[in-house]
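Atom set for the values below is all heavy atoms of this structure, side chains included, hydrogens, waters and symmetry mates excluded. Since this is a predicted model, take the numbers as computed values, not measurements. Here is how names work: the chains are called A, B, and so on, in the same order as the sequence lines, proteins then strands, and each is numbered from 1.
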Amino acid sequence: MNSDRPMKLMDLLAAFAAGGLLTLMVHFNGELGRYGGALFSSWTAHGTGTIAALIFILILRSRWRAEGNIGLAIPWWAYLGGLSGALTVMVTTSAVNSPLALSGTLALGLGGQVVFSLAADHWGLFGMPKRRPSLRDLCALGLVMAGSAVIILFGLG
Amino acid sequence: MTINVLLAIFAGILVGVSRQLNGRLSLSTSPLVASFWNHIVGFTALTVLGLAIGGLVPEGPRNVPWFDYIGGPIGVVFVAAGSWLLLRIGAANTALLIVGGQMVSGVLLDWFLADSFSPAPSAIGVALILGGMALMHKRA
């Protein structure tokens, strides 16, 4: 959380739109899962995603290495984001099929994600910049968390 | 039950770890290239897992409508957006705003698609989220 610089409206809207993309992604991957199961769904999405990423990179001429010193130094573990993502699918599938169901899994996952992100900002985990939340940031965090909890626990069915 | 509670929390932490790692990679490359590595590494890992435990290509998928395969390309944009945002607004803001957008759009999707939908709690939830976002944007 950056208290040095006001958040630009564009950042706010982009992040909100990314959440909308996530809803669509989960929906379509869920449909795939209905036909072939969670593993098939995630495997296929990663496969089509790999091809789509290559096409996007070619079209947009995205650079494979950033300029300057930072472009040369890539720690090996920075390539493991996909491993963490693939593992998420397996772990989530297991929890959803337990008495927690979808709503419980979502609510607990949300908590885990937010607490981790605060820790990540606080200590600058995995080589990212450190950030300190302001009181106002924490109030905003509380409102979004409360709203999400209400939707997950009482709004879904 | 306890193990499943821990698994659900762990899943949320994994989402954050993934975003942090992709953010670090995009620092040395670009968000789109980091998203490419995310997908090819995940694909390789799931291929190995599928070959080990079986069930990678079941019978059902022959009947899948073509548009259900769009989730992968959408995911590429989503992962790239996450890295881009992380560098600009930090992990907590990124996580919260994405969750907010996911909740509000999820309510809209349910409104149109689901058989059972509770308007009142959903409306209260959406109002709280939008209030939080307004607070994030407006600064003294």
Side-chain angles (χ1 to χ4, degrees), chain A residues 1 6 11-12 15-16 18-23 25 28-29 31-32 35-36 43 45-50 52-53 62-63 66 70 74 78 81-86 88 91-92 95 98 100 105 108-109 112-113 116-118 120-121 126-127 131 140 143-144 146-148 150-151 154-155 157, chain B residues 4 7-9 11-18 20-22 24-25 28 30 32 36 38-43 45-46 58 60-61 64 68 70-76 78 81 85 89-92 95-98 100-103 105-106 116 118 121-122 125 128-129 131-132 135-136 139:
Chain A
M1 297 205 165
D11 294 330
L12 199 84
F16 196 66
L21 282 182
L22 184 57
T23 295
M25 187 188 91
F28 286 118
N29 288 347
E31 288 294 303
L32 266 188
Y35 290 95
W43 180 67
H46 279 85
T48 56
T50 301
S62 195
R63 55 180 199 273
I70 198 82
I74 304 180
L83 215 54
S84 184
T88 308
V91 173
T92 307
S98 80
L100 287 176
T105 305
L108 290 167
Q113 191 184 328
F116 173 83
S117 70
L118 284 170
D121 278 342
F126 298 108
R131 284 162 186 269
L143 281 175
V144 174
S148 302
V150 169
I151 291 172
F154 306 107
Chain B
N4 285 305
L7 279 177
I9 295 172
I13 294 174
L14 282 174
V15 170
V17 170
S18 181
Q20 208 76 7
L21 293 174
N22 286 324
R24 177 60 190 85
L25 184 56
S28 295
S30 64
L32 203 48
F36 164 77
N38 175 82
H39 280 80
I40 199 165
V41 167
F43 182 72
L46 290 167
V64 179
D68 280 345
I70 205 78
I74 293 176
V76 171
F78 172 72
L85 288 161
I89 61 176
L96 277 178
L97 285 168
I98 288 179
Q102 187 189 6
M103 289 300 140
S105 57
S116 58
S118 325
S122 299
L128 285 169
I129 290 170
L135 197 60
M136 263 187 218
R139 279 164 200 277

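Between B:Ser105 and A:Thr23, the shortest heavy-atom distance links the atoms OG-OG1, 2.7 Å. Taking every heavy atom of both residues into account, B:Gly132 and A:Val144 meet most closely at CA-CG2, 4.1 Å. Summarising the geometry of B:Phe78 relative to A:Ala18, their closest heavy-atom pair is CD1-O, 3.3 Å, with the distance given to 0.1 Å. Listed here is the closest heavy atom pair of B:Ala95 and A:Gln113: CB-NE2, 3.6 Å. The two residues A:Ala140 and B:Met136 make their nearest non-hydrogen contact at CB-CG, 3.6 Å. Minimum heavy-atom separation, B:Gly42 to A:His46: CA-CD2, 3.7 Å.
Ranking B:Leu32, B:Ile70, B:Asn22 against chain A, the residue ahead of the rest is B:Leu32, based on heavy-atom pairs under 4.5 Å. Put simply, of B:Ile74, B:Asp68, B:Ile9, the one with the most heavy-atom pairs under 4.5 Å next to chain A is B:Asp68. Ranking B:Ile98, B:Leu7, B:Ile40 against chain A, the residue ahead of the rest is B:Ile98, based on heavy-atom pairs under 4.5 Å. Of the listed residues B:Gly75, B:Gly131, B:Gly16, the one with more heavy-atom pairs under 4.5 angstrom with chain A than any other is B:Gly16. By number of non-hydrogen pairs under 4.5 angstrom with chain B, the leading residue of A:Leu83, A:Thr92, A:Leu100 is A:Leu100. When each of A:Ser98, A:Ala52, A:Ala146, A:Gly81 is scored by its heavy-atom pairs under 4.5 Å with chain B, the top score falls to A:Gly81. With chain B as the partner, the residue from A:Gly112, A:Ser117, A:Gly47 showing the most heavy-atom pairs under 4.5 Å is A:Ser117.
With A:Thr105 contributing its side chain and B:Ala8 its backbone, the two residues share no donor-acceptor pair below 3.5 Å. Remark: the backbone N or O of A:Ile151 is not paired with any side-chain donor or acceptor of B:Ser122 at under 3.5 angstrom. Looking only at distances, a side-chain donor or acceptor of A:Asp121 sits under 3.5 Å from a matching main-chain atom of B:Ala92.
Only the side chain of B:Leu85 comes within contact range of chain A, with at least one heavy atom under 4.5 Å from a heavy atom of that chain. B:Ala81 touches chain A through its side chain: at least one heavy atom from C-beta onward sits under 4.5 Å away, while N, CA, C and O do not. Heavy atoms closer than 4.5 Å to chain B are found in the side chain of A:Phe116, but not in its backbone.
Of the residues listed (B:Val17, B:Val41, B:Val15, B:Ile13), the one engaging A:Ser84 in a side-chain contact (heavy atoms from CB on, under 4.5 Å) is B:Val17, and it is the only one.
Between A:Trp43 and B:Phe43, the ring planes are parallel. Angles under 30° get that label, and only those over 60° would be called perpendicular.
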